[in-house]
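Only this structure's heavy atoms are used, side chains among them; waters, hydrogens and symmetry mates stay out. Given the structure is predicted, the values throughout are model-derived calculations rather than measurements. Numbered from 1 within each chain, the chains take letters A, B, ... in sequence-line order.
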Number of protein chains: 2
Amino acid sequence: MGTRYKGTEKEMTALNTFLKLVRAAESTLSRVNASLSKSNLTESQYAILDALYHIGPLFQKDLGNKLLKTGGNITLVIDNLEKRSLVIRERRAQDRRYFTIHLTKQGKSLFQKVFPGYLKSVIAEMQKLSKTDQVELQRLCKVIGLTPINTKK
Amino acid sequence: MGTRYKGTEKEMTALNTFLKLVRAAESTLSRVNASLSKSNLTESQYAILDALYHIGPLFQKDLGNKLLKTGGNITLVIDNLEKRSLVIRERRAQDRRYFTIHLTKQGKSLFQKVFPGYLKSVIAEMQKLSKTDQVELQRLCKVIGLTPINTKK
DNA sequence: ATAATTGAATTTAATATTCAATAAATAGCC
DNA sequence: GGCTATTTATTGAATATTAAATTCAATTAT
C-alpha cells in the first residue's frame, strides 16, 4: 500500500508520513462529514456555522482566515447559507467595506440540532486512540502545521 | 486557537485532536501542492499521474479506489488529462466495460519533470519532525485511518 | 484636495467533487 | 437463449475551490 517509489530512506519516510497523514485526515473527515448530510450541510457550510455559533458574528475576512479559504470561496458559501436564511450579511456602518456575518435564529437552531451528532462522530473517530496517543498526535500535528520561516521578501 | 466549545475533557480532547489533524494535513497539502502549480497540475491530476507512473496502467475503477474518489470525478479528471495528451484511454478487448488508462510519453516526461520538486517539498515539510517522530506519526495515522467495523448490513 | 495605495468583497473562468440517473457491457441463472 | 442483476463508465446538477480581474471604500502621501 502507499507509494511505490523507491528512494533513500529519508525520502521514503517523508513520503510515507505525508501520505499517511493526508489519508488519515481525509478518511476521518469523510466519515465525520457523513453526519452532516442529513441536514444538507456541506463541510464548509458547517464550519462557518460552527465558527459563528462558538465565536459570534465575524467579518467575511476573518472567516476566510480562520478556515484557510479564499475570499471568493467565502463569498459563495455565505451566499448559499444566506439563501437558506441560516446567516445574514450586515454592512458595517463605521467601515462600509466590511460585512459582518450573523447567525440567524434558523441557523442557530439548525446548528444546535446538528452539533451533537457531529461531536459524537468526532469522538467515535478519535476514540481509536487513547487519551495519551491523542495528546501525542496533537503535538506532532502542531509541529507539522507550522508555517516555515518565510525566507524571501 | 481552535474550537471554543466547552464540554467534557473527553469531548475537548477529541475535538482538539481532530481539528489539529485536519489542519496539519490541509496546511501541509497546500504548501506541497504549490510545487505543482508551475506545471498547471492540480492535486488530483498529479495523484493520477503518480499512480500510473509508479504502478503502471490502471482501470478507472482502480484509480478511483486508490485515490478514494467517485467514478464521476475520475471520469472528469481523466478527461482533463486526456485533453492535454498526458494520458490515454484504451478500451479493454476482453471486457469492454473497462478503460485502461495509460501514461503517454508526454505524461511520463511531465511527471519526471515535476516529481523532484514535489519530493523536495514533501521532505521540507516532514523534516519538521525527527525520524522517530515521523514513525510515531505514521503509527497514529494508521490507527486513525482504519475504517470502523461496519456493524450494519 | 487629489492621487496613489491598500483592503474587502464580488465576479468570472476553470477545475474538482459528490450524488443520482443513465447507458453499455457482462455475468448469472432458469 | 433470453431475462435479470451487477458492474463500469458517463452525464448532469449542485456545491466547492482557487486565482485573477474588478469594484468600491477607506487611508496615506504629496
Side-chain angles (χ1 to χ4, degrees), chain A residues 22 25-27 29-49 57-84 86-102, chain B residues 22 25-27 29-49 57-84 86-102:
Chain A
V22 172
E26 282 178 355
S27 72
L29 208 39
S30 79
R31 290 187 292 270
V32 169
N33 287 343
S35 75
L36 302 176
S37 62
K38 286 185 291 287
S39 321
N40 276 312
L41 284 177
T42 65
E43 177 185 343
S44 300
Q45 291 172 354
Y46 177 82
I48 287 181
L49 296 188
L58 287 168
F59 301 132
Q60 291 192 192
K61 192 74 212 306
D62 295 334
L63 276 169
N65 290 339
K66 189 160 179 53
L67 310 180
L68 308 176
K69 294 293 154 62
T70 60
N73 182 27
I74 297 293
T75 293
L76 185 97
V77 180
I78 296 284
D79 281 352
N80 287 330
L81 286 171
E82 206 173 27
K83 276 183 207 148
R84 289 170 66 185
L86 298 174
V87 304
I88 47 166
R89 282 178 168 90
E90 182 201 22
R91 171 99 54 189
R92 201 190 189 201
Q94 300 98 301
D95 187 335
R96 298 178 44 75
R97 288 173 301 183
Y98 289 75
F99 273 118
T100 307
I101 311 302
H102 297 264
Chain B
V22 171
E26 284 178 355
S27 72
L29 208 39
S30 78
R31 289 187 292 270
V32 169
N33 287 343
S35 76
L36 302 176
S37 61
K38 285 183 291 287
S39 320
N40 277 313
L41 285 177
T42 65
E43 176 184 343
S44 299
Q45 291 172 355
Y46 176 83
I48 287 181
L49 296 187
L58 287 168
F59 301 131
Q60 292 192 191
K61 190 77 212 306
D62 295 334
L63 276 169
N65 290 338
K66 188 158 179 53
L67 310 180
L68 308 176
K69 294 292 152 65
T70 61
N73 181 26
I74 297 293
T75 293
L76 183 98
V77 180
I78 297 284
D79 281 351
N80 287 330
L81 286 170
E82 208 172 27
K83 276 182 206 149
R84 289 170 66 185
L86 298 174
V87 305
I88 48 168
R89 281 178 167 92
E90 182 201 21
R91 189 162 307 258
R92 198 187 190 203
Q94 301 98 301
D95 186 336
R96 299 179 43 73
R97 285 173 303 183
Y98 288 76
F99 275 119
T100 306
I101 310 302
H102 296 265

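- Under the rule for a salt bridge (Lys or Arg N to Asp or Glu O under 4.0 Å), the partners of A:Asp79 that lie at least two apart in sequence or sit in another chain are A:Arg89.
- In this structure, A:Arg96 atom CZ and D:dT27 atom C1' are separated by 17 Å, rounded to whole Å.
- Residues from residues 70-80 of chain B lying near DNA chain D, meaning a heavy-atom separation below 4.0 Å, are B:Gly71, B:Gly72, B:Thr75 in numerical order.
- Looking at A:Leu86 and A:Leu41, their side chains come closer than 4.5 Å, going by heavy atoms from C-beta outward.
- Neither OP1 nor OP2 of D:dA25 sits under 4.0 Å from any side-chain N or O of A:Gln94.
- No option in B:Asn73, B:Ile48, B:Ile88 other than B:Ile48 meets the side chain to side chain contact (heavy atoms under 4.5 Å, CB included) test with B:Ile78.
- Checking the phosphate oxygens (OP1, OP2) of D:dT10, a side-chain nitrogen or oxygen of B:Arg89 falls inside 4.0 Å.
- In this structure, the NZ atom of A:Lys69 is 15 Å from the C1' atom of D:dA19, given to the nearest Å.
- To the nearest angstrom, P of D:dT17 lies 12 Å from CD of B:Glu43.
- Contact of the B:Leu63 side chain with the B:Lys66 side chain is not registered, since no non-hydrogen atoms from C-beta on lie closer than 4.5 Å.
- To the nearest 0.5 angstrom, A:Leu67 atom CG is 10.0 Å from A:Glu43 atom CD.
- A:Asn40 CG to A:Asn80 CG: the interatomic distance, rounded to the nearest 0.5 Å, is 12.0 Å.
- Partner of A:Asp95 under the salt bridge (charged side-chain N to carboxylate O under 4.0 Å, His left out) criterion, out of A:Arg92, A:Arg97, A:Arg91: A:Arg97 alone.
- Going from atom CG of A:Leu29 over to atom P of D:dT17 covers 10 Å, rounded to whole Å.
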Give me, pair by pair, the N or O atoms of the protein and of nucleotides 5-7 of chain D that are less than 3.5 Å apart, along with how far apart they are.
from  : atom 1 : to      : atom 2 : distance (Å)
D:dT7 : O2     : B:Arg97 : NH1    : 3.3

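- For the atom pair CD1 of A:Ile101 and CD of A:Glu82, the computed distance is 7.0 Å after rounding to the nearest 0.5 Å.
- Computed from C1' positions of five pairs at each end, the angle between the two local axes of the helix from C:dA1-D:dT30 to C:dC30-D:dG1 equals 10°, rounded to 10 degrees.
- Think of the region where chain B sits on DNA chain C: with heavy atoms and a 4.0 Å cut, that region ends 5' and 3' at C:dT15 to C:dT26.
- In this structure, the ring pair (Phe, Tyr, Trp, His ring centres under 6.0 Å) partners of A:Tyr46, at least two apart in sequence or on a different chain, are A:Phe111, A:Tyr118.
- Atom CG in A:Asn33 sits roughly 12 Å away from atom P in D:dA16 (whole-Å rounding).
- In this structure, B:Arg92 places its CZ atom 10 Å from P of D:dA9, rounding to the nearest Å.
- Closest approach of B:Ser39 and B:Arg84 over heavy atoms only: O-NH2, 3.0 Å.
- In this structure, A:Leu36 atom CG and D:dA16 atom C1' are separated by 15 Å, rounded to whole Å.
- Atom CD in A:Glu82 sits about 15 Å away from atom P in D:dT15, given to the nearest Å.
- When all heavy atoms are compared, the tightest approach of A:Val77 to A:Gln45 is CG1-CG, 3.8 Å.
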